[in-house]
Amino acid sequence: MINNTITALKRFSIQQLSPFHCTGFNAMSQLSQAFPEQFQWVGAGSRLNY
């Protein structure tokens with residue numbers, strides 16, 4: 001399923017991608033590989049600036 005999500009997300013001009021723990025570690029790992037420049041690991045206490 002994550003492969004379909006990655007394919008769909010690649011249609012957009014993603015500037016920042018910050019999935020949280022509920023995404024799951026395996027999916028987050030694949031997302032970080034698919035979007036290395038846009039991916040940001042986040043967790044409790046993280047601050048996101050847009």
Side-chain angles (χ1 to χ4, degrees):
M1 179 172 289
I2 191 63
N3 291 332
N4 292 339
T5 301
I6 289 171
T7 298
L9 288 172
K10 286 190 177 260
R11 296 179 190 151
F12 300 95
S13 178
I14 303 290
Q15 294 181 11
Q16 185 174 348
L17 185 63
S18 307
F20 286 83
H21 72 276
C22 56
T23 303
F25 181 79
N26 289 335
M28 288 172 62
S29 179
Q30 291 180 49
L31 286 165
S32 72
Q33 291 176 15
F35 299 94
E37 298 296 319
Q38 298 86 353
F39 191 88
Q40 179 181 357
W41 289 98
V42 294
S46 295
R47 291 185 179 199
L48 304 176
N49 297 310
Y50 298 95

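As the structure is a computational prediction, the values presented were derived from the model and not from experiment.
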Report task. Could you pull out the closest heavy-atom pair between Val42 and Leu48, with the gap in Å? Result -> CG1-CD2, 3.5 Å
Report summary line: In short, ring-ring contact (aromatic ring centres under 6.0 Å, His included) pairs touching residues 5-30 with sequence neighbours left out are none
Query raised in the report: How far does OG of Ser32 sit from CD of Gln38, to the nearest 0.5 angstrom?
Result: 11.5 Å
Report task. Examine distances only and state if a side-chain atom of Lys10 and a backbone atom of Thr5 form a donor-acceptor pair shorter than 3.5 Å. Result -> no
Query raised in the report: Can you list the other members of the hydrophobic cluster that holds Met1, where links are side-chain heavy atoms under 4.5 angstrom apart?
Result: none
Query raised in the report: Which residues pass the side chain to side chain donor-acceptor pair (under 3.5 Å) test with Gln40, sequence neighbours left out?
Result: Gln16
Query raised in the report: Would you say Ser46 and Trp41 make side-chain contact, with heavy atoms under 4.5 Å?
Result: no
Report task. Show the numbers, then the answer: is there a side-chain contact (heavy atoms from CB on, under 4.5 Å) between Asn26 and Ile2? Result -> CA-CA 9 Å; Asn26 289 335; Ile2 191 63; over 6 Å; no
Query - Pairing residues for Phe35 by the ring-ring contact (aromatic ring centres under 6.0 Å, His included) criterion, not counting sequence neighbours - result: none
Query - Close side-chain approach of Phe39 to Gln33, heavy-atom, < 4.5 Å - result: no
